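What follows is one structure encoded as structure tokens, with my remarks underneath.
In each ligand, atom 1 is the first atom listed, and ligand 1 is the first ligand listed. Just so you know, these numbers come straight off a predicted model, no measurement behind them. The first residue in the sequence is number 1, and the count goes up from there.
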Amino acid sequence: MLIDAHVHLDKYGDLLDEALKEIEQEQIFTVATAMDIPSYLELQKIGERSELVLPTFGIHPRRAAEYADRLQEIGRCIESSPAIGEIGLDFHWVKDTNTYPAQRKVLEYFIAAAREQNKFVNLHTKAGEKEILDLLEKYDVRRAIIHWYSGPMDILRAMIDFGCYFTIGVEVHYSDHIKAIAKAVPDQLLLTETDNPGALRWLKKNDEVGMPTAIKDVVNKVTELRQSTPERIESLVHANFSRMIKDDPWLYEIRNRLLPSNS
Ligand SMILES: [Zn+2]
């Protein structure tokens with residue numbers, strides 16, 4: 001089974017039906033990450049339409065400033081969500097430094113909750129890589145998916161030592177740095193993502209909508225870089241995701257239902 005560990009399903013608009021159809025046809029287990037509260041509410045509805053979709057609640061660093069004084073509200077949403085994401089820090093694309101304290105406050109609230117409630121996290125780390133690793137260490141949150149890692153190699157290695165998982169995504173087709181990362185992540189920590197539907201459009205500066213089968217292109221490229229086979233990469237990623245949620249108190253049923261072949 002293919003695993004797409006970071007997708008924004010609520011952003012498909014008119015193409016949502018088609019996207020869900022592809023997910024079912026190709027049997028792509030999809031972690032549907034939220035950007036904010038309205039996005040999460042939308043994802044919960046979408047999640048009811050497919051057993052392959054796991055909606056998760058998070059506040060994207062771009063939206064953190066609007067939520068820094070709404071932690072109680074955030075807390076209620078976290079409790080209703082089986083996992084956490086998208087959360088993180090962005091000190092690169094977000095230029096307004098006034099938002100940075102809010103980003104830090106909101107992120108730490110989520111990480112503390114992840115620790116308390118034993119939920120895995122899906123992290124955006126752009127230019128905040130070291131700080132995020134420090135937080136994961138501080139709260140001993142071991143089940144962390146680092147989404148679209150593009151930071152320095154020494155922090156990558158430190159995150160690997162800590163046991164973080166890494167999603168390789170669509171930029172693997174275009175960037176030498178991402179290719180190097182796709183080769184450096186050890187077998188047991190490798191995951192895949194598309195960051196659909198916007199990632200391809202953002203990278204290629206066109207109006208392409210990323211559809212779920214883009215995950216196959218990622219698998220093929222990773223296969224080439226790691227000199228493997230698509231079948232082996234697919235089953236490796238499947239085994240890694242299954243292992244990550246093996247003892248997850250919130251996902252036990254999903255694990256048994258969807259990922260029975262690996263332990
Ligand atoms: Zn994302």
Side-chain angles (χ1 to χ4, degrees), residues 2-13 15-16 19 23 28-44 46-47 53-67 74 77-78 81-94 99 103 106-107 110-111 114 119-129 132 136 143-151 159 164-175 178 181-182 191-205 208-215 217-218 237 241 244:
L2 290 156
I3 309 283
D4 192 341
H6 190 108
V7 181
H8 296 278
L9 272 184
D10 57 314
K11 305 280 185 252
Y12 269 106
L15 288 171
L16 177 63
I23 284 170
I28 304 167
F29 186 76
T30 302
V31 180
T33 50
M35 298 287 284
D36 54 22
I37 290 178
S39 152
Y40 177 56
L41 298 177
E42 190 61 36
L43 288 174
Q44 282 183 310
I46 295 171
V53 172
L54 175 69
T56 70
F57 173 61
I59 301 286
H60 193 279
R62 272 180 207 281
R63 312 301 313 277
E66 294 159 58
Y67 285 91
I74 290 180
C77 289
I78 294 175
S81 181
I84 291 172
E86 178 171 358
I87 55 169
L89 297 173
D90 193 319
F91 302 146
H92 176 80
W93 301 110
V94 179
T99 69
Q103 288 193 36
V106 170
L107 175 64
F110 272 104
I111 297 286
K119 290 173 176 172
F120 82 75
V121 294
N122 209 315
L123 286 156
H124 175 115
T125 62
K126 195 72 188 170
E129 293 87 1
I132 285 180
L136 293 173
R143 295 186 306 133
I145 297 175
I146 309 296
H147 133 74
W148 199 330
Y149 185 87
S150 63
M159 284 175 155
C164 297
Y165 291 84
F166 295 85
T167 49
I168 304 301
V170 292
E171 199 179 10
V172 75
H173 298 295
Y174 308 104
S175 151
I178 300 293
I181 290 163
L191 294 175
T192 45
E193 68 158 47
T194 57
D195 204 13
N196 275 337
L200 282 167
R201 178 169 53 222
W202 183 79
L203 282 168
K204 294 163 92 173
K205 313 276 180 250
E208 182 168 348
V209 175
M211 294 305 285
T213 48
I215 196 71
D217 303 330
V218 170
V237 169
F241 191 82
M244 188 187 74

Query raised in the report: With distance as the sole criterion, is a donor-acceptor pair present between the side chains of D195 and H8 under 3.5 Å?
Result: yes
**Report entry** Modelled atom types, side-chain donor and acceptor of W148 and E171, under 3.5 Å
**Finding:** yes
**Report entry** Angle in degrees, rounded to 10°, that OE1 of E86 and NE2 of H8 form at the Zn ion (ligand 1)
**Finding:** 80°
Report task. Give, rounded to 10 degrees, the angle between NE2 (H6) and OD1 (D195) as seen from the Zn ion (ligand 1). Result -> 90°
Query raised in the report: Would K205 count as a cation-pi partner of W202, with NZ or CZ less than 6.0 Å from the six-membered ring centre and within 45° of the ring normal?
Result: yes
Report task. Assess H60: does it contribute an N, O or S atom lying under 2.8 Å from the Zn ion (ligand 1)? Result -> no
Query raised in the report: Under the criterion side chain to side chain contact (heavy atoms under 4.5 Å, CB included), which of E129, Q103, K126 is the partner of F91?
Result: Q103
